[in-house]
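Note on naming: letters A, B, ... go to the chains in the order of the sequence lines (proteins, then strands), and numbering restarts at 1 for each one. As a basis for the values below, the full set of heavy atoms in this structure was taken, side chains included, without hydrogen atoms, waters or symmetry mates.
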Amino acid sequence: MKAPVNFIHQMIDEDIRNNKNGGRVHTRFPPEPNGYLHIGHAKSICLNFGTATKYNGKANLRFDDTNPTKEDTEYVDSIMEDVRWLGFDWDDRLFYASDYFEQLYEWAVKMIREGNAYVDDLNAEQISEYRGTVTRPGKESPFRSRSVEENLDLFTRMKNGEFADGTKVLRAKLDMAHPNMLMRDPIMYRIIHTDHHRTGDKWCIYPMYDYAHGQSDYLEGITHSICTLEFEIHRPLYEWYLQQVAEGEYRPQQIEFARLNLTYTVMSKRKLLQLVNEGIVNGWDDPRMPTICGLRRRGFTAEAIRNFADIIGIAKRDQVIDVALLEFCIREDLNKRSNRAMAVMNPVKLILDNYPEGEEEILEAINNPEDPDAGMRSIPFSRELYIEREDFMEDPPNKFFRLKPGGEVRLKYGYVIRCESIVKDENGQITEIHCIYEADTKRGMPNSNKKVKGTLHWVSAKHALPLEVRLYDRLFVKENPDDLEEGQNFKDFLNPDSLKTITAFAEPSLGAAKPGDRYQFERLGYFCADLDSVSGKPVFNRTVPLKDNWAKIGQAEK
RNA sequence: UGUCCGAUGGUGUAAUUGGCAACACGUCUGAUUCUGGAUCAGAAGAGUCCAGGUUCGAGACCUGGUCGGACAACCA
């Protein structure tokens, strides 16, 4: 599948035509290490690294670590792992905004010297007041007109740790009446006496995003600084800061695109963090999370996620992608690559009355019909089997072509059978289905081509391997959990059935599954052996069910 | 009562830069199938937010609206 040309690539094409930056293309992915990466970041990663590849350029990984109160090496490590897992490589271009603290400081001093920055003593509340509102201009701080000398002295003392958190800030001197609120003397530095994950206690003043980001881009020679739409209004400030320090012609260019939203999930780091902290999910890598590590644990492949990122495209209008598209991408990939296996999730016993008691045989099964190289495997067969309870109906509707009284059906890789009778318990629940099998309908036998409408998966009762299976569903029941009325909370719409753990019965070959191994359980879906698996006793996560036409018919008839 | 941005089938993205709206997902038929999966063939579904204008010709350009989003953290 080929991604269409997006507007960013069109801009780059134009830049190359004009020989801007000598035709050089250099991007960066700039996460703040304050949370785990999610599928929305994957979109950005694919865009940035993909763009670099497409134009024979480079892409940096840069941690935007300017706020020590929120950041942690735990996040740095997970982010690197996730970017790598997605299949991208930053070579030796791993950077941190904190690498530039010294330079940033010097530039700030330069701005003070040139009368473009000042130390303000107003507290946070006052600064907010003085900033005015979106429709009313702000007013200037009484400290705005301090002399350069005084500003220099104060800023040095800020840096030296003479002042408490929150008592002073360094501000750019722009225009308190600017219609764009970001231009109303934005804060450049604040005092934070907190150890930084990389610089320790060396600094107690830290640069704000707007001041640090563009300068970092500049220092790294970034040509196209791609970010999400909410920074669009920051662009004039981005450019203004650059103008204060840049020499020569070169400037990085900020370009904004729409972030990804997915139906039936939330994407904000704050909300994801809340789900983790409140124990609503089991950590950042809970398979229900839209995090990269969650999707990975769920059984997604990097290829599927990259393909998804390609397909959804890049544009500037708000994007809400149907999760069905993500599911399509993983099914498409897993259909081609995963081996099949048989497992029964909701078993009912099926007995072949005419099959010799105590006898058993080995049936040969195709591992992956989509991949001739995947080979064959052996499955034990015997007189007593399990099939899915839903595969039998005593009094079925017309279109039901599974097992019914008097009806015939094929057991996958085995025989055609006919239902003779059923046994129920005192509650009317079916406990046994009795069938007879036709010995000559097995593969390779004369009547093997016998046509029946249905084929069922099954497991030999005696050989069945009990399997913990975790059935995941969407985390929210509401298409857009962020779209709330007064008094509602996104957590009001959590899906109580987002995780169901069951014991399934599987063919013995699954006992060899190792964490990360992916299978298609015939007729059910794609499953991935979880980290919690122990040798011989695997635990499976359902990545995604197979498309189910029958379920759709059932729905329609209700 | 501001600034910036956006608007194309249900969803998302295109339209060779002004030449009778295409692709994917989803939906629906049918064929095929030892997975009601996959595959194959086909169909429905928008006349491009609205109103003007420029033009032989506008989804694209201009003007004015409407609707939606972002911005008033010492977050990024």
Peer 1: Between A/G132 and A/P179, which residue's closest nucleotide on RNA chain B lies nearer the 5′ terminus?
Peer 2: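 The 5'-side residue here is A/P179.
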
Peer 1: Could you check whether the side chain of A/R331 and the base of B/G37 have a donor-acceptor pair of N or O atoms closer than 3.5 Å, going by distance alone?
Peer 2: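 No, no donor-acceptor pair under 3.5 Å.
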
Peer 1: At a heavy-atom distance below 4.0 Å, what parts of residues 439-454 of chain A sit against RNA chain B?
Peer 2: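 Of all residues in residues 439-454 of chain A, the ones placing a heavy atom under 4.0 Å from RNA chain B are A/R443, A/K451.
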
Peer 1: Write down the distance between CZ (A/F401) and C1' (B/U32), rounded to a whole number of angstrom.
Peer 2: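 The distance from CZ of A/F401 to C1' of B/U32 comes to 12 Å, rounded to the nearest Å.
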
Peer 1: Provide the full list of side chain to side chain donor-acceptor pair (under 3.5 Å) pairs with a residue in residues 317-331 of chain A, sequence neighbours left out, each pair given once.
Peer 2: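 Sorted pair list: A/K43-A/Q319.
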
Peer 1: Salt bridge check: are A/R235 and A/E256 linked by an N-O gap of less than 4.0 Å?
Peer 2: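 Salt bridge between A/R235 and A/E256, a charged N being under 4.0 Å from a carboxylate O: yes.
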
Peer 1: Does the gap between the ring centers of A/F95 and A/F63 come in under 6.0 Å?
Peer 2: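 They do not qualify: ring centres at least 6.0 Å apart.
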
Peer 1: Nearest 0.5 angstrom please: A/L326 CG to A/Y264 OH, how far?
Peer 2: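 Result: 14.5 Å between the selected atoms.
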
Peer 1: Charged N to carboxylate O below 4.0 Å: is that the case for A/E438 and A/K450?
Peer 2: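 Looking at A/K450 together with A/E438, the answer is yes, because their closest N to O distance falls below 4.0 Å.
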
Peer 1: So, is A/Q10 near the phosphate of B/A15, with a side-chain N or O under 4.0 Å from OP1 or OP2?
Peer 2: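 Checking A/Q10 against B/A15: at least one side-chain N or O falls below 4.0 Å of OP1 or OP2.
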
Peer 1: List the residues meeting salt bridge (charged side-chain N to carboxylate O under 4.0 Å, His left out) with A/R340, not counting sequence neighbours, and say none if there are none.
Peer 2: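 Listed in chain order: nothing, the list is empty.
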
Peer 1: How would you label the contact of A/R235 with the nucleic acid (heavy atoms, under 4.0 Å): base, sugar-phosphate, or nothing?
Peer 2: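 The residue A/R235 makes no contact with any strand.
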
Peer 1: Can you list the residues that meet the salt bridge (charged side-chain N to carboxylate O under 4.0 Å, His left out) rule with A/R144, with sequence neighbours excluded?
Peer 2: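 Salt bridge (charged side-chain N to carboxylate O under 4.0 Å, His left out) check on A/R144 returns A/E140, A/D185.
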
Peer 1: Is A/T66 close enough to B/A76 that one of its side-chain N or O atoms is under 4.0 Å from OP1 or OP2 there?
Peer 2: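 Yes, such a contact exists.
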
Peer 1: Quick one: stems involving RNA chain B, counted as three or more successive Watson-Crick or G-U pairs, both distances short of 3.5 Å.
Peer 2: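 For RNA chain B the paired stretches long enough to count as stems (3 pairs minimum) are B:2-7 with B:66-71, B:10-13 with B:22-25, B:27-31 with B:39-43, B:49-53 with B:61-65.
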
Peer 1: Ring centres of A/F540 and A/F521 under 6.0 Å apart?
Peer 2: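 Centroid separation for A/F540 and A/F521: below 6.0 Å.
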
Peer 1: Does either side chain, that of A/S225 or that of A/Q253, offer a donor lying less than 3.5 Å from an acceptor on the other one?
Peer 2: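 Looking only at side-chain atoms, A/Q253 and A/S225 do not form any donor-acceptor pair under 3.5 Å.
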
Peer 1: If you look at every strand shown and take non-hydrogen atoms under 4.0 Å, does A/I312 touch a base, only sugar-phosphate, or nothing?
Peer 2: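 The answer is sugar-phosphate, as A/I312 gets under 4.0 Å only of primed atoms, P, OP1 or OP2.
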
Peer 1: According to side-chain hydrogen bond (donor to acceptor under 3.5 Å, both in side chains), who are the partners of A/E71, at least two apart in sequence or on a separate chain?
Peer 2: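 Scan of A/E71 (side-chain hydrogen bond (donor to acceptor under 3.5 Å, both in side chains), adjacent residues dropped) gives none.
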
Peer 1: Would you mind reporting whether A/L104 and A/P207 have side-chain heavy atoms less than 4.5 Å apart?
Peer 2: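 They are in side-chain contact.
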
Peer 1: Among residues 166-176 of chain A, which ones have heavy-atom contacts with RNA chain B below 4.0 Å?
Peer 2: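 Going residue by residue through residues 166-176 of chain A, the ones with a heavy atom under 4.0 Å of RNA chain B turn out to be A/G166, A/V169.
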
Peer 1: State whether A/N67 places a side-chain N or O below 4.0 Å from either non-bridging phosphate oxygen (OP1 or OP2) of B/C75.
Peer 2: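 True: A/N67 side-chain N/O within range (under 4.0 Å) of B/C75 OP1/OP2.
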
Peer 1: Residues from residues 226-233 of chain A sitting under 4.0 Å of RNA chain B, heavy atoms only?
Peer 2: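 A/E230, A/F231, A/E232, A/I233, in order of number.
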
Peer 1: Please state whether the phosphate of B/A76, meaning OP1 or OP2, lies under 4.0 angstrom from any side-chain nitrogen or oxygen of A/R270.
Peer 2: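 For A/R270, the contact criterion (side-chain N or O under 4.0 Å from OP1 or OP2 of B/A76) is not met.
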
Peer 1: Counting only side-chain N and O atoms of A/N549, is one of them less than 4.0 Å from OP1 or OP2 of B/G37?
Peer 2: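 True: A/N549 side-chain N/O within range (under 4.0 Å) of B/G37 OP1/OP2.
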
Peer 1: By nearest heavy atom, map A/D210 and A/M181 onto RNA chain B; which one lands nearer the 5' end?
Peer 2: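 In this pair, the answer is A/M181.
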
Peer 1: Is A/R259 near enough to B/A76 that one of its side-chain N or O atoms lies under 4.0 angstrom from OP1 or OP2?
Peer 2: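 No, A/R259 has no side-chain N/O under 4.0 Å of OP1/OP2 on B/A76.
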
Peer 1: Which distance, rounded to the nearest 0.5 Å, do you find between the OH of A/Y100 and the CZ of A/R62?
Peer 2: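 Rounded to the nearest 0.5 Å, the OH-CZ separation comes to 6.0 Å.
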
Peer 1: If you look at every strand shown and take non-hydrogen atoms under 4.0 Å, does A/G138 touch a base, only sugar-phosphate, or nothing?
Peer 2: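 Nothing, no heavy atom under 4.0 Å.
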
Peer 1: Expressed as a whole number of angstroms, how long is the span from A/Y241:OH to B/A76:P?
Peer 2: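 Rounded to whole Å, this separation is 11 Å.
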
Peer 1: Could you state the atom-to-atom distance from CG of A/D318 to P of B/G12 in whole Å?
Peer 2: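 Nearest whole value for this atom pair: 9 Å.
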
Peer 1: Would you please determine if the base of B/G36 is stacked by A/W550, with stacking meaning a centroid separation under 5.5 angstrom and planes under 30 degrees?
Peer 2: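 Yes, the aromatic ring of A/W550 stacks with the base.
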
Peer 1: Classify A/N335 by what it touches in the nucleic acid, base, sugar-phosphate, or nothing, heavy-atom distance under 4.0 Å.
Peer 2: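 The residue A/N335 makes base contact.
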
Peer 1: How long is the line joining CZ of A/F527 and P of B/U35, in whole Å?
Peer 2: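 My rounded result for the distance is 18 Å.
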
Peer 1: Restricting to side-chain hydrogen bond (donor to acceptor under 3.5 Å, both in side chains), what partner residues turn up for A/S141, sequence neighbours left out?
Peer 2: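 Partners of A/S141 by the side-chain hydrogen bond (donor to acceptor under 3.5 Å, both in side chains) criterion, ordered by chain and then number, come out as A/D120.
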
Peer 1: Rounded to whole angstrom units, what separation is found between the NE2 atom of A/H196 and the C1' atom of B/C75?
Peer 2: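 In whole Å, B/C75 C1' and A/H196 NE2 are 14 Å from each other.
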
Peer 1: Once side-chain hydrogen bond (donor to acceptor under 3.5 Å, both in side chains) is applied, do any residues pair with A/K271, and if so which ones, sequence neighbours excluded?
Peer 2: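 A/K271: side-chain hydrogen bond (donor to acceptor under 3.5 Å, both in side chains) contacts with A/D482.
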
Peer 1: Does A/R190 make a side-chain N or O approach to OP1 or OP2 of B/A73 shorter than 4.0 Å?
Peer 2: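 Looking at the OP1 and OP2 atoms of B/A73, neither is under 4.0 Å from any side-chain N or O of A/R190.
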
Peer 1: Less than 3.5 Å between a donor and an acceptor, one on the side chain of A/R410 and one on the base of B/U33, is that the case here?
Peer 2: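 Check fails, no donor-acceptor contact within cut-off.
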
Peer 1: Give the ring-plane orientation class for A/F155 versus A/Y105, where under 30° counts as parallel, over 60° as perpendicular and anything between as tilted.
Peer 2: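 Ring orientation, 0 to 90° scale: parallel.
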
Peer 1: For A/S509, give me all partners under side-chain hydrogen bond (donor to acceptor under 3.5 Å, both in side chains), at least two apart in sequence or on another chain.
Peer 2: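 So A/S509 forms a side-chain hydrogen bond (donor to acceptor under 3.5 Å, both in side chains) with A/E507.
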
Peer 1: Of the nucleotides B/G36, B/G37, B/C75, which one has an atom closest to the side chain of A/K70?
Peer 2: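 When the side chain of A/K70 is considered, B/C75 is the closest of B/G36, B/G37, B/C75.
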
Peer 1: Starting from P on B/C34, measure out to CZ on A/F381 and report it in whole angstrom.
Peer 2: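 In whole Å, B/C34 P and A/F381 CZ are 18 Å from each other.
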
Peer 1: Are any of A/K547's side-chain N or O atoms less than 4.0 Å away from OP1 or OP2 of B/A38?
Peer 2: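 It does, given that an N or O in the side chain of A/K547 lies less than 4.0 Å from OP1 or OP2 of B/A38.
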
Peer 1: What is the per-nucleotide protein-contact pattern of nucleotides 44-49 of chain B, from the 5' end, where B denotes a base atom under 4.0 Å from a protein heavy atom, S denotes such proximity for sugar-phosphate atoms only, and - denotes neither?
Peer 2: ------

Peer 1: Which of parallel (below 30°), tilted (30 to 60°) and perpendicular (above 60°) describes A/F476 and A/F490?
Peer 2: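 Ring orientation, 0 to 90° scale: tilted.
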
Peer 1: So, is A/R523 close to the B/G36 phosphate, meaning a side-chain N or O under 4.0 Å from OP1 or OP2?
Peer 2: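 For B/G36, OP1 or OP2 has a side-chain N or O of A/R523 closer than 4.0 Å.
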
Peer 1: Tell me which nucleotide among B/G37, B/G12, B/A76 gets nearest to the side chain of A/Q319.
Peer 2: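 The nucleotide sitting nearest to the side chain is B/G12.
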
Peer 1: With a 3.5 Å cut-off and just heavy-atom distances, do the side chain of A/Q520 and the base of B/U35 make a donor-acceptor pair?
Peer 2: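 Present.
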
Peer 1: Relative to each other, are the rings of A/F381 and A/Y415 parallel, tilted or perpendicular (30° and 60° limits)?
Peer 2: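 Aromatic pair A/F381/A/Y415 classed tilted.
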
Peer 1: Of the nucleotides B/G37, B/A76, B/C25, which has the atom closest to the A/E32 side chain?
Peer 2: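 When the side chain of A/E32 is considered, B/A76 is the closest of B/G37, B/A76, B/C25.
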
Peer 1: Roughly how far, to the nearest 0.5 Å, is CD1 of A/I112 from OG1 of A/T156?
Peer 2: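 The CD1 atom of A/I112 is 7.5 Å from OG1 of A/T156, to the nearest 0.5 Å.
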
Peer 1: Specify the separation, in whole Å, of atom CZ of A/R17 and atom P of B/U16.
Peer 2: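 Rounded to whole Å, this separation is 13 Å.
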
Peer 1: In whole angstrom, what separates A/R62's CZ from B/A76's C1'?
Peer 2: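 Distance, rounded to whole Å: 12 Å.
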
Peer 1: State yes or no: are the ring centers of A/Y209 and A/H213 separated by less than 6.0 Å?
Peer 2: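 Close enough - the centres of the two rings lie under 6.0 Å apart.
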
Peer 1: At less than 3.5 Å, do the side-chain atoms of A/R136 and the base atoms of B/U1 form a donor-acceptor pair?
Peer 2: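 No.
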
Peer 1: So, is A/S128 close to the B/A73 phosphate, meaning a side-chain N or O under 4.0 Å from OP1 or OP2?
Peer 2: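 Yes, such a contact exists.
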
